[in-house]
Chemist: 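Shown below is the structure under consideration.
By convention here, the first residue in the shown sequence is residue 1. All heavy atoms count here, side chains included; hydrogens, waters and symmetry mates do not.
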Amino acid sequence: MRTHRIRVDPVLVQAAIAAALSFAHLHDLAAAAGQDGWKAWAYPISVDLLLVAAWRRLRSGTAKASGWCWFTVALAASLGANVATAGLLDLGDVPAWLRILVAGWPAVAFSGGTLLAHDTPARDQVPVPDQDEAPAPPVMPTAPELPTATPQPPAPPAAAPVPPALVALARKVADDHRTRTGTDIDTPTLRNRLGVPLPLAEAIATQLT
């Protein structure tokens, strides 16, 4: 059978020892300040929880100012208890100001824990959209519909200008044709007799009627 070796992390061992000593010092100081029974055990728990909450806020990267503020407060309470119980303070005769600080600590710890747990993020933080959601296609502006123009019939071509001399010659040709045939001359015959283009012959014929 394969045996599993348990690796002991010296850093974790050191942290556990330091936490246990700090816990004991806080308990002793609270008991000396008149907080006996279960209340003396609750004080170190509140200090450690505030330290953890402040450290989590610092690791999250949001509202670091409040995280550092409450981390400093909890660290000062822990260090103060360690120094006070190291022989610098007579635990049998605790001064009044220290009793006031110990009695007011629950309100401070409650305020710090509440603010760290329910603090709103900074306004300059932009929420990251979910990568699974496809971005909405951009909306293109539509041009206003123009009224439909009613088609107009093409304008008749303007009559070509006819010189007066050509009109007089065409009258002589038409009179000669009427004298010989007894009928009015038509446009193709007038065109052949004058040797002019068809549009000009049509313009001359309109002036002969």
Chemist: Could you tell me whether a side-chain N or O of R178 sits under 3.5 Å from a main-chain N or O of T183, the two making a donor and an acceptor?
Modeler: no
Chemist: Distance check, rounded to the nearest 0.5 Å: W55 atom CH2 versus F71 atom CZ?
Modeler: 6.5 Å
Chemist: Report yes if the side chains of L50 and W105 come closer than 4.5 Å at any heavy-atom pair, otherwise no.
Modeler: yes
Chemist: At their closest point, which heavy atom of V47 faces which heavy atom of A74, and how far apart are they?
Modeler: CG1-O, 3.6 Å
Chemist: Should L26 and W97 be counted in the same cluster of Ile, Leu, Val, Met, Phe, Trp and Tyr side chains packed under 4.5 Å apart?
Modeler: yes
Chemist: Is there a side chain to side chain contact (heavy atoms under 4.5 Å, CB included) between V73 and W68? Walk through the geometry before answering.
Modeler: CA-CA 9 Å; V73 171; W68 277 115; over 6 Å; no
Chemist: In this structure, are over 12 heavy atoms from other groups packed under 6.0 Å from R99 atom CZ?
Modeler: yes
Chemist: Any chance you could lay out the side chain to side chain contact (heavy atoms under 4.5 Å, CB included) test for D184 and H177, step after step, and finish with the verdict?
Modeler: CA-CA 7 Å; D184 294 334; H177 182 79; over 6 Å; no
Chemist: What do the steps show when you test D176 against K172 for salt bridge (Lys or Arg N to Asp or Glu O under 4.0 Å), and what is the final call?
Modeler: CA-CA 6 Å; D176 180 66; K172 290 181 181 181; over 6 Å; no
Chemist: I'd like to know whether CZ of R180 has more than 12 heavy-atom contacts from other residues, nucleotides or ligands below 6.0 angstrom.
Modeler: yes
Chemist: Answer yes or no: is there a side-chain heavy-atom contact under 4.5 Å between H27 and Y43?
Modeler: no
Chemist: For A107, does its backbone N or O pair with a side-chain atom of S111 as donor and acceptor, under 3.5 Å?
Modeler: yes
Chemist: Given the rule that I, L, V, M, F, W and Y join up when any side-chain heavy atoms are under 4.5 Å apart, are L79 and V52 in one cluster?
Modeler: no
Chemist: Give, for atom CG of D186 and atom CZ of R191, the distance between the pair rounded to the nearest 0.5 Å.
Modeler: 12.0 Å
Chemist: Please find the pair of heavy atoms, one from A30 and one from A40, that lie closest to each other, and give the distance.
Modeler: CB-CA, 4.0 Å
Chemist: Going by heavy atoms in the side chains, are L29 and Q35 under 4.5 Å from each other?
Modeler: no
Chemist: Under a 3.5 Å distance rule, please check whether S78 uses its side chain to pair with a backbone N or O of L75 as donor and acceptor.
Modeler: no
Chemist: Could you tell me whether D175 and R171 have a side-chain N and a carboxylate O separated by less than 4.0 Å?
Modeler: no
Chemist: If we ignore hydrogens and angles and just use 3.5 Å, is the side chain of N192 paired with the main-chain N or O of P188 as donor and acceptor?
Modeler: yes
